[in-house]
Structure formats: C-alpha cells, structure tokens
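Notes follow the structure.
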Amino acid sequence: MKGEKIYLSPLEIKDTEELLAIRRRNFQFFQPFEPIRPEHYFTIEEQKKMIESSLQAAANDQGFVFGVFLNESNKLIGRIELSGIARGPFQNAYLGYFLDQEHNGKGYATEAVSLCVKFAFDQIGLHRIQAGVMPRNLPSVRVLTKAGFRFEGLSTKYLKINGVWEDHAIYAIITEDRDAAQ
C-alpha cells in the first residue's frame, strides 16, 4: 500500500533487526505510552517471534502487522497493526501504531493510519476500526482525528501503561464515516 511519502508492507523476518533498532533507540520516547516490557522483549529472538506470530495471524485473518517505510529510501520507520479482528456481525479491529521519534511531526503517522484504514475497509472488508489513546497523548489524538476517526468516549483504567492503569479515549471510524468524507 503506497502513499505519498510512505508505504506499508507486511513485516517480514528480514525486518527484525531494523524493528529492534527502532524499539531500542526509542525506548525512553515510547515508555510513557507502552506497557512495561521484560528485558527479553528487546532481543532479536523475541522480535523475530513477534513477526512470525504476526504472519500467522494474517494467514488466519486475525490481525495484520505492517512496517511503515519511507518511499524515498525504503527505510523502516515504524509499525502499524490491526489486531483482534472480529468477524460476524462486528467486523471490527483494533488499531495500534508507533513511529521512530525522528520521523514524528511529518505527516507519516496520519498517512500510515489512512492507508491502513483503506486496507481494512477495501481489502479485508472490515466495517469498523477503533483505537484507544491516552488523552494526554495529543500527537496521537491529532493523527486519529486527521485520519477521520471520531471520539466515542473514555474508558477508565483501560490499559496498564508504564506500570499504571491509564484511562484511554476511544476513537473509531466506520466505513460510512470514510465514505461520507470522500
């Protein structure tokens, strides 16, 4: 899925070292927004296992994990994921993403989210995508709203982030929202 500045491609085993480098380089930057992770999480072996799991999830229509790559250099700069796919009458997935701090504020995250939404609605037939974000994470709130997500409500003590149960604002987009904006 190619955009103006970036493209999304399923993460592959060959991306393991680059993905781990992003996670290590951005440890301090990501920590306020992520669960506390065990040390082995930051190893090649664990990152490889996670990519293998994501490939299996995609094969089973349970989730899709993409690398965010720069068009001009093919450099991996982040990751975006559709997880917890529910079929039947729900047709929903959860969205999560991160970008290397060096590449924040350039529109890449908004473009990645928009491409991922297009994939979800047009290629795998989802009806709804939702994302939870801590209300103080204003850059991520801006990304979601610029990509067409709307605020649905606040979930108290939603996820344990950096050792603390944090409230999350729930944002969602449905196919009708996207179609109305076009």
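For clarity, every value in this text was computed on a predicted model and none was experimentally measured.
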Ignoring hydrogens and angles, write down the donor-acceptor pairs under 3.5 Å from the side chains of residues 165-174, residues two or more places apart or on other chains.
unit_1	atom_1	unit_2	atom_2	d
Glu166	OE1	Arg136	NH1	3.0
Glu166	OE2	Arg136	NH1	3.3
Glu166	OE2	Arg136	NH2	3.2
Asp167	OD1	Lys157	N	2.7
His168	ND1	Glu166	O	3.2

Cluster companions of Leu154 among Ile, Leu, Val, Met, Phe, Trp, Tyr (side-chain spacing under 4.5 Å): none

Whichever hydrophobic residues join Tyr41 through chains of side-chain contacts under 4.5 Å: Leu20, Phe27, Phe42, Ile44, Met50

Side chain to side chain contact (heavy atoms under 4.5 Å, CB included) involving Gln28 - partner list, sequence neighbours excluded: none

side-chain hydrogen bond (donor to acceptor under 3.5 Å, both in side chains) involving Ser54 - partner list, sequence neighbours excluded: none

Residues that, via side-chain heavy atoms closer than 4.5 angstrom, fall in one hydrophobic cluster with Ile36: none

Residues that, via side-chain heavy atoms closer than 4.5 angstrom, fall in one hydrophobic cluster with Val65: Tyr7, Leu11, Ile13, Leu19, Ile22, Phe29, Phe30, Ile51, Leu55, Phe69, Leu76, Phe98

Asp15: partners by salt bridge (Lys or Arg N to Asp or Glu O under 4.0 Å), with sequence neighbours left out: none

Pairing residues for Arg142 by the salt bridge (Lys or Arg N to Asp or Glu O under 4.0 Å) criterion, not counting sequence neighbours: none

Residues forming a ring-ring contact (aromatic ring centres under 6.0 Å, His included) with Phe149, sequence neighbours excluded: none

Contact check, side chains of Val68 and Tyr97, non-hydrogen atoms, under 4.5 Å: no

Within residues 109-119 or reaching into it, pairs that qualify as side chain to side chain donor-acceptor pair (under 3.5 Å) - sequence neighbours excluded: Lys118-Asp122

Counting only pairs under 3.5 Å, give me each side-chain donor-acceptor contact of residues 88-95, with atom names and distances, residues two or more places apart or in other chains.
unit_1	atom_1	unit_2	atom_2	d
Gln91	OE1	Arg87	NH1	2.8
Gln91	NE2	Gly88	O	3.0
Asn92	OD1	Arg128	NE	3.3

